[in-house]
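Read through the structure below, which is laid out as C-alpha cells, and then see the notes.
Sequence positions, counted from 1, serve as the residue numbers for this chain.
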Amino acid sequence: MYAVFFALKKPLFEFLYKFAALPKLALITCLLLVLFACKGEIPPLERKDHPLPQDAEVSEAEPGIYGGFLVTAESQQPRTFNPLVAEDAYSSQAIGRFLNGLTTYHPIKEEVVPELARSWEISSDRKSITLHLRRGVLWSDGEPFTAADVIFTFKALFDERYPNRYQGQYIIAGEPIGFEKVDRHTVRFTTARAYSPFLYVIGFIGILPRHKLIDAYEQGTLLQEWSVRTAMHEPGELVGTGPFRVHSFRPGQRIIYEPNPHYWRVDSKGQRLPYVDYLITRFVQDRNTSTVLFASGQIDAADIAPGDVVGVSRNAPLHGFTVHHRGPATGIRYLWFNQKPGVNEDGRPYVEPHKLEWFTNKYFRQAILHGFNREGLIQSVYFGRAELLHSIISPANQRWHNPEVPKFPYDPGRAIELLEGQGFEFREGGQLYDKHGNPVIFDVYASEGDDITPQIMSTFRENMRDLGIRVRVRYLDFGTLVARISRHFEYEAAMMGFTGGADPSGGRAIYLSSGRLHLWNPEQEEPQTEWEAKVDELVYASEETFDLEERVDYVHRMQEIFSEQLPLLYLLTPHAYAGLKDKWQNVHIPAMGSVIWNVDELYLDREL
C-alpha cells in the first residue's frame, strides 16, 4: 500500500571495508554464529506431504529445489502483527509474509493478478464485483479458508470499535463498500459508484482467520490481538494463508519464518512452494550495519544507499553478489508545515496563530523550497545518485508521474522576493520578521537513528539562516514521531516519507482532504481550501473512469495542483540500489517493490 510511513535510509563509508579482508573461513564462521547462535531454535525442516488445494496456483517460474536459509536485515522491527493496527512499512512487511489479500499487484507484469480470489466478474454498471475464491485452501493451522473469513475481515475493518487505516480506502463516494457472501467460495462487493481501481485496492488488506479471531472481535479486544507478545510467546497463533508462518520472534534480535505447510502455490512439478527452509530477518542497529553484513557476505539481500554503491560493489567478486541499479526510488520524501486549525483538548491551538498564517500561505512555502539547496545535497549526500523531486508521485512510477509540474529550484533571490511580497522584512542582524513583527522561527521534527537526516537538516537549517529564518531541529524515535504528527498534532514542521505504490489510488489517504494521512490538515469534514476541493474532485474523477488515458490525465492535473500549492515540500529522489547474492535463482528485479518480492519462488543454486 502506498500510504505507509517509512524512515530514511542511512549511508555507509567508514565501516565498509571492515570485513573485506577477512579470510573466507572467518566469514563462514561468523555467518554460522549469526544463524546458529540458538541452534536448538532452528531444527532441520521436516516438510509434510499435505494434499494440494483444488485451486492451487501453478507458478510460472522455473521449478526449483528445496533447502537453504535466506537471510536479510532490517534496522526497524515490527511493532505489531495485526493488520488493523499496523501503520508502518516494517510491520506491514512482516504481516505480508503470512497473510494474503484477495488480489495482488505483480511488479513485473505491472498488473493486478489473483491471490486468494482465483477469478472475478464485474457487472455492466461496474458497481458490483463478484470474486470467486480458491477452493481447498487451508489456513496454516489446517482449517479451511472460506468466504466467511472474507466477510469477517471486512466486517471488522468497518467496525467503529476498531479504527484502522484501511477504512478510508474502502469508502467510495462517501459510502463504505458493500460486501456479502454468495456461497462458501464466492463473495460480492458493491460500490456507490463505479470505482476503477477496485481490484487493485481490495488486495491491500490481508484476509483474517475468523476461527482464530472471532472471540476477540465479539469481546471488543480485536486490536489487542496479534501483538509482538503473541509472536514472542505464541507464534502459532499467527495463522495465515501466506507462504510462511512465524517460527520465532525475538525483539531486538531476529524473526524466523518457516514455510506454511498448507500454502496454496505450487511449481509446474507439483512441488508446494516456498523452496527455502527458513527466511530469517535480523534486526540491526542501523542501515550501516545492514550494509556491512551484506558487503561481507553475511546476509543475502539488502538495499544499498547510493553513497555505498561503489564500495560495496568492490566486494562482489569475493562474496558472489550483484548490486542492481533500479532507477529512481519509489518513495517520496518531504518537509511539511502543520496547517491544522483549532485547539487541542487543553484549549491550546495546535499551531500559534501567527505561525499558522505563515504555514497556510503558499508563497511562504514556495519561498522555503526556493531557499533550500536540494541540488547541493545530491552531490554532498548522494554523490550524484539522486534527482530533485518535484511531484507527489515519484518519477519511478512512469505511468502516473507528471514531469511537467511547477518546479522550485534553489534560488534564494527568488525566495526573498516571495517573502517580501507577503510583507516579511529583514531587520537588524538579518533576522526575518512577519508583517506583525514576529520573528520567523519554527521547529522541525525528524526521525532519529540515521546519518542522512542530520545532513539534510543541517543544510536546511543553514539555508534558512541565509533567509533570516531560525530553524530548530528536534529528533524523535520513529514511533513517537508518527504519534506526534498523526494523533497529537503537536508540531510545527516535520520531515518524513511515504512508500510508493503502483496505482495512485493507494495514496488517496494522502490526497483527499478527508484522508487520515493528509498530513498538513487531516480528516477535514469539508475541504478547507479551493485547491483541496479541486484535488478531491480530480481524485474522484480518476477513480470513476475506466479509461486509462483519462485516469492519467486526472492524476497529472492533481500533481500540478500539489506542486503549485506545496503542502508537501518535496526533497530528493535517490536512485534505488539493491544487492542480492548470485546463488539465488528465479530472481526478477522489479522497478518497484522488494527485490525478493517473489521469495516463495526463490531457490538456491547449490553450485554457487
Side-chain angles (χ1 to χ4, degrees), residues 1 4 45 47-48 50 52-53 55-59 61 66 69-70 72 74 78 80-86 89-107 112-118 131 133-146 149-150 152-153 166 202-213 225-226 230-231 234-249 255-267 271-281 586 593-594 596-603:
M1 183 177 180
V4 179
L45 183 68
R47 295 180 185 261
K48 297 182 178 180
H50 295 289
L52 297 176
D55 289 322
E57 179 178 88
V58 179
S59 168
Y66 290 126
F69 295 0
L70 195 157
T72 65
E74 288 288 352
T80 180
F81 291 83
N82 187 331
L84 299 181
V85 177
Y90 311 101
S91 298
S92 297
Q93 175 180 269
I95 292 166
R97 301 293 187 209
F98 68 92
L99 287 185
N100 292 126
L102 293 170
T103 63
T104 192
Y105 183 81
H106 195 293
V112 174
V113 296
E115 202 160 50
L116 289 177
R118 60 185 169 88
L131 285 85
L133 308 180
R134 295 187 186 278
R135 294 162 294 183
V137 172
L138 301 180
W139 292 96
S140 55
D141 62 356
E143 292 295 316
F145 159 75
T146 70
D149 297 302
V150 178
F152 170 74
T153 299
Y166 296 101
I202 203 64
F204 288 169
I205 180 71
I207 300 302
L208 300 171
R210 183 183 185 278
H211 69 283
K212 296 296 291 186
L213 298 173
E225 295 296 307
W226 287 10
T230 309
E234 299 177 288
E237 292 297 303
L238 302 176
V239 172
T241 56
F244 297 96
R245 59 185 180 184
V246 177
H247 174 275
S248 61
F249 173 59
I255 186 168
I256 301 175
Y257 303 91
E258 62 184 0
N260 173 359
H262 299 288
Y263 189 43
W264 47 271
R265 297 194 76 216
V266 300
D267 66 18
Q271 298 179 109
R272 175 176 264 118
L273 304 180
Y275 297 114
V276 299
D277 284 348
Y278 292 99
L279 171 63
I280 303 171
T281 298
N586 280 339
S594 169
I596 57 169
W597 63 276
N598 62 331
V599 64
D600 59 340
E601 297 174 332
L602 301 183
Y603 72 94

Exercise. Yes or no on side chain to side chain contact (heavy atoms under 4.5 Å, CB included) for N260 and F98, after CA distance, side-chain angles and deciding distance?
Worked result: CA-CA 8 Å; N260 173 359; F98 68 92; over 6 Å; no
Seminar exercise, completed: Output for pair (L213 CG, E237 CD), nearest 0.5 Å, gives 9.0 Å
For this session: To the nearest 0.5 Å, tell me how far H247 NE2 sits from Y278 OH.
Result: 4.5 Å
Exercise. Taking T80 for the side chain and A86 for the main chain, is one N or O donor matched with an acceptor at less than 3.5 Å?
Worked result: no
Seminar exercise, completed: What one should report as the nearest heavy-atom pair of R272 and P53 is NH2-CD, 3.7 Å
Exercise. Should D141 and H211 be marked as a side chain to side chain contact (heavy atoms under 4.5 Å, CB included) after you check the CA-CA gap, both sets of side-chain angles, and the distance that decides it?
Worked result: CA-CA 11 Å; D141 62 356; H211 69 283; 2.7 Å; yes
For this session: Would you name the heavy atoms of L131 and A117 that are closest together and state the gap between them?
Result: CD2-CB, 3.6 Å
For this session: Ignoring hydrogens and angles, tell me if any N or O in the side chain of E115 forms a donor-acceptor pair with the backbone of G101 under 3.5 Å.
Result: yes
Exercise. Taking all atoms of both residues into account, what is the closest heavy-atom pair of L208 and P83, and its distance?
Worked result: CD2-CG, 3.6 Å
For this session: Show your working on side chain to side chain contact (heavy atoms under 4.5 Å, CB included) between Y257 and V276 and close with a plain yes or no.
Result: CA-CA 10 Å; Y257 303 91; V276 299; over 6 Å; no
Exercise. Of the non-hydrogen atoms in P114 and R134, which two are nearest, and what is the gap between them?
Worked result: CB-NH2, 3.8 Å
For this session: First locate atom CZ of F81, then atom OG1 of T230, and finally report the distance between them rounded to the nearest 0.5 Å.
Result: 9.0 Å
Seminar exercise, completed: Residues passing the side-chain contact (heavy atoms from CB on, under 4.5 Å) test with D267, sequence neighbours excluded, are P63, K269, Q271, L273, Y275
For this session: List in chain and number order the residues that pass side-chain contact (heavy atoms from CB on, under 4.5 Å) with Q93, two or more places apart in sequence or in another chain; answer none if no residue qualifies.
Result: E74, R97
Problem set entry | Pairing of E225 and K212 as salt bridge, 4.0 angstrom limit | no
Exercise. Once you round to the nearest 0.5 Å, how far does OG1 of T241 lie from CG of L99?
Worked result: 6.5 Å
Problem set entry | Flag side-chain contact, heavy atom, 4.5 Å: E143 against P209 | no
For this session: Report the distance from atom OH of Y166 to atom CZ of F204, rounding to the nearest 0.5 Å.
Result: 9.0 Å
Problem set entry | Nearest atoms (heavy-atom pairs only) where V246 meets P235 | O-CB, 3.4 Å
Exercise. Looking at P243 and N100, what are the two nearest heavy atoms and their distance?
Worked result: CD-ND2, 4.5 Å
Exercise. Can you tell if the side chain of W264 reaches within under 4.5 Å of the side chain of L116, non-hydrogen atoms only?
Worked result: yes
For this session: Look up atom OG in S59 and atom CG in N586, then write down how far apart they are to the nearest 0.5 Å.
Result: 6.5 Å
Exercise. Which residues pass the side-chain contact (heavy atoms from CB on, under 4.5 Å) test with D149, sequence neighbours left out?
Worked result: W139, F145, T146, I207, R210
For this session: Report yes if the side chains of L102 and L133 come closer than 4.5 Å at any heavy-atom pair, otherwise no.
Result: yes
